[in-house]
Structures are given as structure tokens and as C-alpha cells.
Amino acid sequence: MTRNSEAKALEAFLLQHVRQNGGISFAEYMSQCLYHPQYGYYMVSRDRIGKGGDFFTSSSVHSLFGRLIAKQLHEMWDILGRDAFTVVEQGAGEGHLCLDILDSIADDFPDFYEAMTYQLVEISPDNRTRQKTLLSRHLARVDWCEFADLKNIRGCFLSNELVDAFPVRLFEKHNGVLKEVYVVAGENGLGEELRPLEDPHITDYFRTVGIEPVEGNRFEVNLPAVEWMHAVADVLEVGFVLTVDYGYPAGELYAPFRRNGTLMCYRNHQSSDNPYDAPGSQDITAHIDFTALQKFGAERGLVTLFFGPQYKFLMALGFVETLMEMQAREPDEKRARALRLTLKNLIVPDGGMGETFKVLVQGKGVDEPALLCNRSLRDIPLPGAFA
Ligand SMILES: C[S@@+](CC[C@H](N)C(=O)[O-])C[C@H]1O[C@@H](n2cnc3c(N)ncnc32)[C@H](O)[C@@H]1O
């Protein structure tokens, strides 16, 4: 089937599904667009990540991202007593982060490599196939499983851009009352309707994150993120949760100036705010609420050990020093400059990956260790490397 006919088939299915149900929540719509077993964006075979796809992720920018995370994982292994250690990565895309982490651990920390298992949890059959091919040299360490099979994990639960791919519900507040956006079928195809809110989970959510939604604004609530945070905390016996994603603390995410929320779609590196355009052929995402992950995680015993922008996390783990070493090994000035420019993407603030992306590290049963990622930026030697 061509891309066009897949989108048409999904649109026809959605129209019928919406009619049959008299309207569906936006989360149900988003879930079908992304995860419909036959036509969903993540379920079909296509390039999604990188130059030939729809968007870049940090792991598709350069292997240094994974190498620095590997350093943090090594320290976590040390803290847990150098016993058997499991990294669970959920939503690994094509598997590049896993590959970079395992390559780096195999090279730099061989005793850790021998002690570890890397479990991948992946919803997309297409991505699972890509991961199996890419990770062929690490098959002795890597395994695939369902989330429901996880239990008593001692190690680290890792994800990069997973939570933003969970289906969100949409709301608006008018005359002091919260209304939910439903997707309905009209004569001209799919449209939207505001319906009374009938779910106490939403008011509980806002009470927990300490926010009063702003009159007149549209906003998203990612309830699967809450269930996920609880489930991750429950399967983790002792260790860490390391979550990288774009998002904000609740006060910033639900700020008055964000009149239309943060829902965005990506196709061929173009962004759009129309989720109804060619369903299944574009990614749909929303920025995540890091306050929710921290507050709901705390309900199940997770303690925040680090929260900050990606640039701080990577710099603390040795971004600058590693870049200097890599440059020193590169005699060709043109290639050295190209390397600097590529790597800069990972740490650029002001709307770049360095600040849009945040890192949250939580711990369970580990006291409050001063992790490497908490190293003060004042302790980092700053060369003229970024000139
Ligand atoms: C934006 S991609 C993340 C890319 C990847 N982590 C990287 O660094 O390039 C989202 C990934 O999450 C997966 N995914 C979404 N929901 C999931 C779920 N509930 N369980 C497992 N994987 C999921 C998608 O199939 C995809 O692999």
C-alpha cells in the first residue's frame, strides 16, 4: 500500500469509528492515528527519525548523547553495588541510543557490560525489526519484552522522547468551566466539539500539579503519563528512572500565554498544528508535564535526583571534555568544525535541543546520591571549542 492509500484507509476507518461511537475523545483519535495496528504512524514501515524521516532525536544527532548517558548508567551501577543491573529502555525508536550506550559500555566499562542486561519495550513491530537489525552485535546483552512482563527491576528505566508520544486529551476552559474536545464526524469529514467534562481524574490531576487552568485557553492532559509513571515506579525494585523529553514544569506548560497548548505534528521535518491532516502520515506529539512525573512518581516512592535542561545534564557528564578529546583526534580542521557544529545541536539553548529537552532523574531505594549529572557547571573547563 502507498503512503497515500494508508492515510485514506485510516481516515475512512476513523470516520466510521467516530460515527459509530457518536464522537471520541482526542486521546482516542491520537491513539488511532499513531498506533492503529495496520495504519498507525508508528505501526507502518517507514522512516520516521533522522534526515530521511520526519524529525530528529538527540540520539539521531550524534553517538555522544548515548556515550554520556552510558557514563551516568555506569555510576548508577556503582551506586547499586556492581551487581546484576538491568537497563529498561521503552520506546527506543530505531535503537540508536541503545546501540551507542552498549558500544560505549563495551569499550569503556567491560566489567559493567558483563553484568548488565538491556531490555527493550517497543510498541511498534516496524521499530522492533529495525532495532533487531541495528543491535545484532549486542544480542547477548539485549532482549525484547512487553511492559507487563517487567518485574523487580534493579537498574535504570530509560526513555528518550517516549512520553510525548502518549495520547493526550484536550480541554478548554470557558466561563470558569472545563470542557473536553471530542472528535466528531460532520458532513465535511472530521471536526471537533466541546463537551462537558465528566472525569474526576482531570480535576485530581490539576490539584496534584498545583495548577488552575487559564480561562479561554486550550491545553492537553497526558493521563497515560501518570499511569506510566506509577507503573514504572511499581516495577522498579531499586534504582533509577531517567526520562528525556521536551516539556516544562506545570507552571510553564499551562502558562496563560500558551493559548492553544503545545500539540504539534511533524512530517518531512515540517511542523503543523493540524492533527486532522492525512491521519497516520504524520507524528502527533505534545510537550510533557515534568511536574506531573515528579508528583505522581513521588506517590509511588520516586525521589527527584536531577531535573534540568539537556545542556546542563550533558555538560555535567563531560560533554565539553569529550568534545575536546574528539577534536584533538581529528587533524582535519574542516571535519573538526563540522563535528563541533553537529554536537552543538545537542546543547544549544533558546529553543534548541539543549533547553527544549529536559532530563529528569528519579531514584527509588537509593537515598539521595550526588549523581555525576549534578556536577556544577562551574567545575567544567571552558575552552574556545565553540568559537
Ligand atoms: C519519538 S520515538 C522515540 C525515539 C527514540 N527514543 C530515539 O531516541 O530516537 C517514540 C518511540 O516510542 C514508541 N512507543 C510509543 N508508545 C509506546 C509504548 N506505550 N510502549 C512502547 N513503545 C512506545 C514508538 O514506537 C517509538 O519507538
Side-chain angles (χ1 to χ4, degrees), residues 27 30-37 39-70 87-102 118-135 142-150 156-168 222-232 235 242-247 263-267 269 271 280 282-288 310 313-314 345-346 353 356-359:
M30 180 169 164
S31 175
Q32 297 290 354
C33 290
L34 299 183
Y35 307 113
H36 180 283
Y39 309 120
Y41 175 78
Y42 279 107
M43 308 309 259
V44 298
S45 175
R46 64 178 287 160
D47 288 339
R48 286 168 281 263
I49 304 173
K51 215 170 174 183
D54 300 311
F55 52 87
F56 290 105
T57 61
S58 295
S59 59
S60 68
V61 170
H62 198 277
S63 59
L64 181 58
F65 181 69
R67 283 178 59 189
L68 294 174
I69 291 182
V87 176
V88 179
E89 188 187 350
Q90 187 176 358
E94 296 179 357
H96 284 283
L97 178 57
C98 174
L99 178 71
D100 298 336
I101 288 174
L102 287 174
Y118 206 111
Q119 265 324 136
L120 288 163
V121 177
E122 176 54 61
I123 201 173
S124 157
D126 182 51
N127 278 346
R128 271 201 302 270
T129 306
R130 289 167 188 248
Q131 291 164 7
K132 283 184 177 147
T133 309
L134 189 75
L135 296 167
V142 184
D143 212 351
W144 283 260
C145 71
E146 301 298 321
F147 193 101
D149 299 330
L150 298 170
C156 181
F157 205 104
L158 171 68
S159 66
N160 180 44
E161 291 201 49
L162 166 72
V163 182
D164 72 76
F166 291 164
V168 293
N222 187 337
L223 284 186
V226 175
E227 283 166 29
W228 172 81
M229 193 74 274
H230 282 161
V232 168
V235 297
L242 198 170
T243 308
V244 187
D245 217 320
Y246 38 85
L263 195 87
M264 287 303 279
C265 309
Y266 295 93
R267 184 194 301 135
H269 298 280
S271 60
Q282 56 179 356
D283 192 16
I284 308 176
T285 86
H287 279 50
I288 76 167
Q310 177 167 295
F313 176 80
L314 295 179
N345 286 315
L346 292 172
M353 280 180 148
T356 306
F357 284 83
K358 313 284 191 305
V359 182

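This chain uses plain numbering: 1 for the first residue, then up along the sequence. Whatever order the structure lists them in is the order used to number ligands and atoms, beginning at 1.
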Next item on the list: Run the numbers for me: atoms of ligand 1, each under 4.0 Å from some heavy atom of Ile49, listed by number.
Entry: 4 (C), 9 (O)
Note to self: Is it the case that ligand 1 has an N or O less than 3.5 angstrom from some N or O of Glu89?
What the structure shows: no
Check: When only distance counts, is Gly91 in polar contact with ligand 1, meaning an N/O pair under 3.5 Å?
Finding: yes
Next item on the list: For atom 10 (C) of ligand 1, find the nearest protein heavy atom and state the residue, atom name and distance (0.1 Å precision).
Entry: Glu161 O, 3.4 Å
Margin query: Less than 3.5 Å apart, any donor N or O on the side chain of Asp164 or Tyr246 sitting next to an acceptor on the other?
Written below: yes
Next item on the list: Measure up the Phe157 and Trp228 rings against each other and bin them: parallel (under 30°), tilted (30 to 60°), perpendicular (over 60°).
Entry: perpendicular
Check: Quick one: CG on Leu134 to CD on Gln131, what's the gap to the nearest 0.5 Å?
Finding: 8.5 Å
Margin query: I'd like to check Thr243 versus Val359 (side-chain heavy atoms, cut-off strictly below 4.5 Å). Are they in contact?
Written below: no
Next item on the list: Could you list the atoms of ligand 1 found under 4.0 angstrom from a heavy atom of Ala92?
Entry: 5 (C), 6 (N)
Note to self: Out of Ser59, Ser58, Ser124, Gly93, who is nearest to atom 7 (C) of ligand 1 when you count heavy atoms only?
What the structure shows: Ser59
Check: Nearest to atom 22 (N) of ligand 1 by heavy atom, Ile123, Val61, Asn160, Asp245: which?
Finding: Ile123
Next item on the list: Just jot down the ligand 1 atoms closer than 4.0 angstrom to any heavy atom of Gln90, in number order.
Entry: 18 (C), 19 (N), 20 (N), 21 (C)
Check: Could you state the interatomic distance from CZ (Phe65) to OG (Ser60), rounded to the nearest 0.5 Å?
Finding: 10.0 Å
Check: If you measure from atom 27 (O) of ligand 1 to every heavy atom of Asp283, Thr285, Asn127, which option wins on shortest distance?
Finding: Asn127
Notebook entry, point to check: Between Ile101 and Gly66, which heavy-atom pair has the shortest distance, and what is it?
Noted result: CG1-O, 3.5 Å
Item checked: Location of contacts on Phe147 toward ligand 1, heavy atoms closer than 4.0 Å -> neither
Notebook entry, point to check: Short question: side chain of Glu94, backbone of His96 - any donor-acceptor pair under 3.5 Å?
Noted result: no
